[in-house]
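Below, all heavy atoms of this structure are taken into account, side chains as well, without hydrogens, waters or symmetry copies. Worth saying up front: this structure is predicted, and the values here are computed from it rather than measured.
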Protein chains: 2
Amino acid sequence: MIVKTIKDKGLKITPQRQLIGEVLDGNKTHPSAEDVYKKVSKIAPTVSIATVYKTLNSLADLGVIQRLDVGDGKAHFDPDITPHSHFVCLNCKRIFDISTSAPLPDFGEEFRVVKAQAVYYGYCKECQDQKEE
Amino acid sequence: MIVKTIKDKGLKITPQRQLIGEVLDGNKTHPSAEDVYKKVSKIAPTVSIATVYKTLNSLADLGVIQRLDVGDGKAHFDPDITPHSHFVCLNCKRIFDISTSAPLPDFGEEFRVVKAQAVYYGYCKECQDQKEE
DNA sequence: AATTTTTTGCTATAATATATCTAATTCTAA
DNA sequence: TTAGAATTAGATATATTATAGCAAAAAATT
């Protein structure tokens with residue numbers, strides 16, 4: 001529950017943050033800021049895109065959610081902060097969770113690793129099937 | 001040698017492309033388009049940033065170089081197209097090559113993987129040392 | 001050498017994201 | 001319960017990265 005965590009982390013609870021938290025909670029679609037904004041706007045049309053960006057950044061900085069980069073020029077956000085990887089379909093552009101919990105590798109003194117991100121690119125089942133027709 | 005490959009791939013050889021190829025050849029710094037532009041500009045100040053972008057995209061699309069995304073909002077380019085990973089220093093922002101040649105995993109029919117990208121984030125030796133002072 | 005095709009460079013525009021600033025809201029504590 | 005301090009929201013200007021469009025130039029072909 002993101003809303004609960006917001007308070008724990010010292011952020012004030014506002015209707016906007018509550019709403020953004022609800023949009024993110026359990027969300028497996030890895031939405032961009034724009035995606036979140038669209039969803040939020042449907043419920044509360046007056047919420048500003050700036051607020052969405054600020055909230056997403058705050059939550060990501062606090063480690064409540066995860067910022068994800070798959071090379072499409074925009075950040076995606078994932079409420080699942082447990083270690084897992086992602087698969088990006090080059091056709092439909094959807095991002096899927098992969099339960100490969102690759103451990104942080106040990107590169108010795110040379111590099112102290114604090115975060116790892118594995119992204120796989122290819123074609124999801126549906127898009128493979130489409131091409132065969 | 002990138003210049004050689006340019007011709008093989010059916011692209012015309014121009015002074016601009018030759019220069020961009022030379023800047024990239026053996027380059028281990030993972031430059032952004034802007035970085036490449038700056039280097040090129042020092043030698044040939046009239047080369048346009050648009051040409052740099054177009055050339056980098058062409059080369060990446062042809063698989064001559066690799067487009068790399070580490071989540072800093074801009075694309076980086078790597079002339080080393082052999083399988084390897086990258087380490088990003090969160091302090092100095094440099095990108096280092098990691099010779100971990102993780103093989104493409106097999107996710108079965110569900111996902112057909114064609115490319116994998118592993119990025120590790122942390123602190124390089126130099127930046128670790130700095131903090132200890 | 002002329003022609004076709006590609007490429008360049010300029011610039012406008014797009015897309016994503018952040019900064020700034022005032023008004024409004026939240027929360028605390030009296 | 002409310003006054004006041006601190007934070008947040010919203011509007012918008014601006015920054016940053018990248019692409020699009022087009023005329024002029026250059027490259028390769030014939």
### Distance below 4.0 Å between B:Thr14 side-chain N/O and C:dT8 OP1 or OP2
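It does, given that an N or O in the side chain of B:Thr14 lies less than 4.0 Å from OP1 or OP2 of C:dT8.
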### Task
Verify the contact: side-chain N or O of B:Arg17 to OP1 or OP2 of C:dT8, cut-off strictly under 4.0 Å; return yes or no.
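Indeed, a polar side-chain atom of B:Arg17 lies that close.
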### Query
In degrees rounded to 10°, what angle is found between the helical axes fit to the five outermost pairs at each end of the helix from C:dA1-D:dT30 to C:dA30-D:dT1?
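Helix axis angle between the two ends: 30°.
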### Message
Are the side chains of A:Lys93 and A:Asp72 in contact, using a 4.5 Å heavy-atom criterion?
### Response
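They are not in side-chain contact.
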### Task
Would you indicate whether the side-chain heavy atoms of B:Lys12 and B:Arg17 approach each other to under 4.5 Å?
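Yes - at least one pair of side-chain heavy atoms lies under 4.5 Å apart.
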Could you tell me how far apart [X] ([atom1]) and [N] ([atom2]) are, to the nearest whole angstrom?
| X | N | atom1 | atom2 | result |
| --- | --- | --- | --- | --- |
| A:Asp72 | C:dA15 | CG | P | 14 Å |
| B:Lys9 | C:dT6 | NZ | C1' | 19 Å |
| A:Glu34 | C:dT18 | CD | P | 13 Å |
| A:Lys74 | C:dA17 | NZ | P | 8 Å |
| A:Lys12 | C:dT25 | NZ | C1' | 8 Å |
| A:Lys7 | C:dT28 | NZ | C1' | 11 Å |

### Message
Is it true that A:Asp35 and A:His30 share a donor-acceptor pair across their side chains at a distance under 3.5 Å?
### Response
no
### Side-chain donor-acceptor pair present, B:Asp69, B:His76, cut-off under 3.5 Å
no
### Task
Verify whether the ring centers belonging to B:Tyr120 and A:Phe111 lie closer than 6.0 Å.
no
### Message
Which is more 5' along DNA chain D, the nucleotide nearest B:His76 or the one nearest B:Pro15? Just name the residue.
### Response
B:His76
### Query
What distance do B:Ile43 atom CD1 and B:Leu19 atom CG have between them, rounded to the nearest 0.5 Å?
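Here the interatomic distance stands at 4.5 Å.
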### Query
Parallel, tilted or perpendicular: which describes the rings of A:Phe87 and A:Phe96, with under 30° parallel and over 60° perpendicular?
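Correct class here is tilted.
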### Query
Which of these passes side-chain hydrogen bond (donor to acceptor under 3.5 Å, both in side chains) with A:Asp78: A:His84, A:Lys28, A:Arg67?
A:His84
### Query
Along DNA chain D, 5' to 3', what are the outermost nucleotides having an atom less than 4.0 Å from a heavy atom of chain A?
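Footprint of chain A along DNA chain D, 5' to 3': D:dA6 to D:dT12.
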### Query
Looking across every strand, which nucleic acid part, if any, lies under 4.0 Å from A:Ile49 by heavy atom: base, sugar-phosphate, or nothing?
nothing
### Query
With a non-hydrogen cut-off below 4.0 angstrom, is A:Thr46 in contact with a base, only sugar-phosphate, or nothing?
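Counting heavy atoms under 4.0 Å across all strands, the contact made by A:Thr46 is with sugar-phosphate only.
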#### Entry: Heavy-atom pair of closest approach, residues B:Lys9 and B:Leu62
NZ-O, 3.4 Å
### Query
At their closest point, which heavy atom of A:Leu11 faces which heavy atom of A:Ser58, and how far apart are they?
CD1-CB, 4.1 Å
### Message
If you count heavy atoms of other groups shown closer than 6.0 angstrom to NZ of B:Lys115, is the number above 12?
### Response
yes
### Query
So which of residues 50-68 of chain A are in contact with DNA chain D, with a heavy-atom cut-off of under 4.0 Å?
A:Ala50, A:Thr51, A:Lys54
